[in-house]
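Just so it is clear, the structure is predicted and the values come from calculations on it, not from any experiment.
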Amino acid sequence: KKQELVVAEFNALLSSQMTTQQQFFENRQREQEHLFHAELVDRKAETNRKKEVADELQRRVDEVKSRNAALEAEIAAANSESEASRRQIKKLEELNRRISAEQAEFEKKAKEVSTSLAAKKKSRSKQVEELQQQIKDLELYVKMQKRLESTAGSADMQGAHMVVTEGDTR
């Protein structure tokens, strides 16, 4: 019986030690689970924060891309307007050259016409003076013919030479 008693005591001691160890390891497991759970909660919170930061960064990237696209569209529009302006400037320069050439030609023709008119006017004036002189000569001739007829007989005067001086004519 002694042996049984020792075995029973050993079994009780072993059972007590096993229970103590079981409690110790169960407590230890609960602590580990609690630590694991706390760490898991912290990591989930950190993951959520990082996800929020990543979402914010993605939103900013999208916003920057959107602004970039808008700026590229503005640049393209400005380049298009610039090119259209350059083409329009070239057309206007060409038009200006043609107008300048036409104006120079017109001014040349106007000068030629003016010169021609001045020459014609001078010629006409000279012709008028000559005609006026011829009229004066004819008037003088007619006056002299009348005076000759009125003064002496025409037979006396035939073959005579007459000198006409300017002076008082009656």
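- To the nearest 0.5 Å, atom CG of residue D62 and atom CD of residue Q58 are 4.5 Å apart.
- Between the CG atom in L13 and the OG1 atom in T20 there is a gap of 9.0 Å [rounded to 0.5 Å].
- Sequence neighbours left out, the pairs with a member in residues 26-45 that pass side-chain hydrogen bond (donor to acceptor under 3.5 Å, both in side chains) are Q22-E26, N27-R30, Q29-E33, E39-R43.
- For residues 90-106, every residue pair satisfying the salt bridge (Lys or Arg N to Asp or Glu O under 4.0 Å) rule, not counting sequence neighbours, is listed here: E94-R97, E94-R98.
- Side-chain heavy-atom separations under 4.5 angstrom define the hydrophobic clusters, and the remaining members of the one that includes L14 are F10, M18.
- A side-chain hydrogen bond (donor to acceptor under 3.5 Å, both in side chains) check over residues 110-121, counting only residues at least two apart or in different chains, returns nothing.
- Note that CZ of R147 is 9.5 Å distant from CG of L140, once rounded to the nearest 0.5 Å.
- In this structure, the side chain to side chain contact (heavy atoms under 4.5 Å, CB included) partners of V53, at least two apart in sequence or on a different chain, are L57.
- Judged as a side-chain hydrogen bond (donor to acceptor under 3.5 Å, both in side chains), not a single pair has a partner in residues 9-19 (not counting sequence neighbours).
- Contacts classified as salt bridge (Lys or Arg N to Asp or Glu O under 4.0 Å) and involving residues 47-58 (residues at least two apart or in different chains) are given here: E46-K50, K51-D55, E56-R59, E56-R60.
- When hydrophobic residues (I, L, V, M, F, W, Y) are linked wherever their side-chain heavy atoms come within less than 4.5 Å, the members clustered with V113 are L117.
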Could you list the donor-acceptor pairs under 3.5 angstrom formed by side chains in residues 76-87, with sequence neighbours left out?
{"residue": "N79", "atom": "ND2", "partner": "I75", "partner atom": "O", "Å": "3.4"}
{"residue": "S82", "atom": "OG", "partner": "R86", "partner atom": "NH2", "Å": "3.4"}
{"residue": "E83", "atom": "OE1", "partner": "R86", "partner atom": "NE", "Å": "3.4"}
{"residue": "E83", "atom": "OE1", "partner": "R86", "partner atom": "NH2", "Å": "3.2"}
{"residue": "S85", "atom": "OG", "partner": "E81", "partner atom": "O", "Å": "2.9"}

Just distance, no hydrogens or angles: give the donor-acceptor pairs under 3.5 Å from side chains in residues 126-135, sequence neighbours left out.
{"residue": "Q133", "atom": "NE2", "partner": "D137", "partner atom": "OD1", "Å": "3.2"}

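- Side-chain heavy-atom separations under 4.5 angstrom define the hydrophobic clusters, and the remaining members of the one that includes F24 are F25.
- Hydrophobic cluster membership for L71: none, as no Ile, Leu, Val, Met, Phe, Trp or Tyr side chain comes under 4.5 Å of it.
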